[in-house]
Protein chains: 2
Amino acid sequence: MGQAATIKDVAQRAGCGVATVSRVLNGTGPASTKMREKVLAAVKELDFYFSEVGRSLQSSTTRTIGCVVPSIENPVYADAVQGAQEVCLEAGYQMLLICTNYNAEMETHAIRTLIAKQVDGIILTVGDVQNSEGFEMIRARKLPHSLLYNTAPEGQTSWAVDDHAAAVKVADVFFANNHKHTGFFGLDFLSSDRARQRFEGFAEGCAHHKMTPPALLEVDDDGDDLTLQLDAFLKRHPNITGLFASNDYRALAAIRSARQLSIDVPGDLSIIGFDGIKVGQMIDPTLATIATSPRTLGAGASQTILSMINGSTPPILPHKEQTFSFRAGGSLMPLAAESKDDGKVTAFPSSTTKPTRLL
Amino acid sequence: MGQAATIKDVAQRAGCGVATVSRVLNGTGPASTKMREKVLAAVKELDFYFSEVGRSLQSSTTRTIGCVVPSIENPVYADAVQGAQEVCLEAGYQMLLICTNYNAEMETHAIRTLIAKQVDGIILTVGDVQNSEGFEMIRARKLPHSLLYNTAPEGQTSWAVDDHAAAVKVADVFFANNHKHTGFFGLDFLSSDRARQRFEGFAEGCAHHKMTPPALLEVDDDGDDLTLQLDAFLKRHPNITGLFASNDYRALAAIRSARQLSIDVPGDLSIIGFDGIKVGQMIDPTLATIATSPRTLGAGASQTILSMINGSTPPILPHKEQTFSFRAGGSLMPLAAESKDDGKVTAFPSSTTKPTRLL
DNA sequence: CCTCCTAATGGAAACGTTTCCACCTATATC
DNA sequence: GATATAGGTGGAAACGTTTCCATTAGGAGG
């Protein structure tokens, strides 16, 4: 049982030509009952499977799609990848996964590799779409592709959360709850256009409501010294009452650090996260956040690619405002109104903003 | 720019035979400086890449390894996959990922697919090793493989946490903290040999310390009615003071439900989880748990496979006790000793049980 | 000038499929 | 009984590589 059996072995054993075997097994073209049986028997005996490699060479199609994401340790991408993978599998495609660790060089290398592997399409999240060598290569080759979590340049299809609009929404929420002085807590600003857009949207939203521009707390590490940095930050900006974290993990870390500093969340400081990861609702206080649906985005990206491949009609992209929804939580508390006093500020029940359907 | 350039196109453009192109580009065999330059120029002009498909057919090797896990929505598997993927990439291999959603049929189908795709090796987590059609197929074909998170049958290599020993350890810890009446909180017992082993180990450990056998709280869903079930469970077993959850998510869910029932954790009920996910340390109280290192396991599995493929020496499997370590946390509180009163029961600083090195 | 050796090169087979085309054999039709 | 027709069938080319082998050219040594 050294090497796997090939179609030739089957043909020999069944006493026919390879063409007949192919026809029988693929159900293409005619075959007598006798031959069919003999072939099937030979297949059984030899435990034969078609080699996809040979097939791919002949059909110049690999039934494989590539997926490039920063890291699946981040549950947002993990969920998206899983969603994408399921759709692929359903359609008989397999997924080649490469994680780039938020590294631009890796991105390029990954995409190069996938092109060499002749994948039929690529789903990708890059650090900066406007400036991505790999993405350019894909476009130049006209390879079916869909961006994931990157807002697309003109004419490109992309399955992404509208970070900008979502961040504006966060500003709206802070405003509606009478928070006037806020901060934005991010990490690694330059390498991700997403973080940038979240900050910009937030700043814009604050400006629109004539709130003070958000103070920026930028750290290089989520680790323990965050507590010190947060402390210094809050001392520098003593009137901050609301903090927008660039993702839920960061929000959780902020809550932990606040606790260590004996700062009450949400009593002294309200916190809003981004992503809507599962654990956000399991902790106390529950995390107010921008809820997104990574699975849906991933699945959508797959469907887009599959439709590009087989020429069917592509799925409709969700409206930008449908890619996220604000989810209330215990980490956000309304502040007593200073001057004006409308009823808005009291409670923020989760039923008010029910999750938007994505598809 | 219809089809991608092939080696023939390059040869034609460079005015030489395909063999020369191959030699130049692969650095195998001699070539004159003149030819080398011409070939390189042609490659640049045509933007040529080797087709891995053609290569695979010729070399009967795909430089691809398959990975089959239940779900990467579970961060334990996500981390393991990522670790495995990194090692593969480093070695110039790519990873084909299939998630089976804890479904035995999917497992078989996934493995069949990977075999047809001619992967050079497979990393896999199955529901039940003793009874896995897919795993049998792999063994029959003598395909390089490594189990991940499944304890291996005789002679098989496997990168897994020793669930049984870890569960015994949990019993030890409960005992050392004077908890005599405990429960085990699991889900979907039958489909996973891992959950089973955790329960058995725990029961065994309890028996060894002459504690009451653990009561079993089995639910079919992590959702909201967990609270009701937990309530009923604790009413049925009023003297339970310690609960061992089959994984950290479950532990978190239990804490949340306890809070809803006004049961103080750890004052009224101590909880220990399993896995050591990141958020366990970000919440309050921090989660006492069995800490594992999924990344390391995944990376190890990859290394094992790579060594099988190229015949180098395989990495040493960690000792069973090195695959996990108990991590203390605020969700576990020592109980006042009833009869005997040794000093053991007071605090349980995390430094006492320092994480074991895995590699 | 002839021979020998080495370096450079190209042709062709092989890898495992699919598919086109040609062939053969019955059976039906005249 | 000859001819058309259809259903079965096998041979061979093609897909893009690598590599063995044969060939050529060119220089060194006699």
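Order of the sequence lines fixes the chain letters, A, B, ..., with proteins taken first and strands second; residue numbering starts at 1 for each chain.
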Please figure out whether B/Ser59 or B/Met35 has its closest DNA chain C nucleotide nearer the 5' end.
B/Met35
Begin from the C-alpha positions of A/Val68 and A/Leu97 and carry the test side chain to side chain contact (heavy atoms under 4.5 Å, CB included) through to its verdict.
CA-CA 6 Å; A/Val68 179; A/Leu97 174 70; over 6 Å; no
Tell me which nucleotide among C/dT18, C/dT17, D/dT17 gets nearest to the side chain of A/Asn26.
C/dT18
For the base of C/dG10, is there a side-chain donor-acceptor partner from B/Arg23 under 3.5 Å away?
yes
For A/Phe48 and for B/Val18, locate the closest nucleotide of DNA chain C by heavy-atom distance; then report the residue assigned to the nucleotide nearer the 5' terminus.
B/Val18
Rounded to the nearest Å, what distance is computed from the CG atom of residue A/Leu25 to the C1' atom of nucleotide C/dT17?
12 Å
Does a side-chain N or O of A/Thr20 approach OP1 or OP2 of D/dT9 to a distance below 4.0 Å, or not?
no
Nearest whole angstrom, please: distance from the P of D/dA12 to the CD of A/Gln58.
17 Å
Could you check how far NZ of B/Lys8 sits from P of C/dG11, rounded to whole Å?
12 Å
Of the listed nucleotides (C/dT9, C/dT18, D/dT9), which one gets closest to any side-chain atom of B/Ser32?
C/dT9
Is it true that atom CD of A/Glu105 has more than 12 heavy atoms of other residues, nucleotides or ligands lying nearer than 6.0 Å?
no
In whole angstroms, the gap separating C1' of D/dG16 from OH of B/Tyr49 amounts to 17 Å
As a test of reading the structure: which of C/dG10, D/dT17, C/dT18 is closest to the side chain of B/Cys16, going by heavy atoms?
C/dG10
Given atom CD1 of A/Ile7 and atom P of C/dA14, what is their separation to the nearest angstrom?
18 Å
What I want to check is whether the side chains of A/Gln156 and A/Asn150 have a donor and an acceptor closer together than 3.5 Å.
no
Using atom CD of B/Gln118 as one end and atom C1' of C/dT17 as the other, report the distance to the nearest whole Å.
11 Å
Taking only the side-chain nitrogens and oxygens of A/Ser22, find out if one of them lies under 4.0 Å from OP1 or OP2 of C/dT18.
yes
How is B/Thr6 classified with respect to the nucleic acid when contacts are heavy atoms under 4.0 Å: base, sugar-phosphate, or nothing?
sugar-phosphate
For atom NZ of A/Lys34 and atom P of C/dA26, their distance in whole Å
11 Å
Give a yes/no answer on whether the side chain of A/Arg55 brings an N or O atom under 4.0 Å of OP1 or OP2 in C/dG16.
no
With no hydrogens and no angle check, just 3.5 Å: does a side-chain donor-acceptor pair link B/Ser56 and B/Gln118?
no
For the pair A/Arg63 and A/Glu52, find out whether any cationic side-chain nitrogen is under 4.0 Å from an anionic carboxylate oxygen.
no
With sugar-phosphate meaning primed atoms plus P, OP1 and OP2, does B/Ala19 contact a base, only sugar-phosphate, or nothing at under 4.0 Å between heavy atoms?
base
B/Leu46 has an atom CG; how far is it from atom P of D/dG16, in whole Å?
14 Å
Classify A/Gly54 by what it touches in the nucleic acid, base, sugar-phosphate, or nothing, heavy-atom distance under 4.0 Å.
base
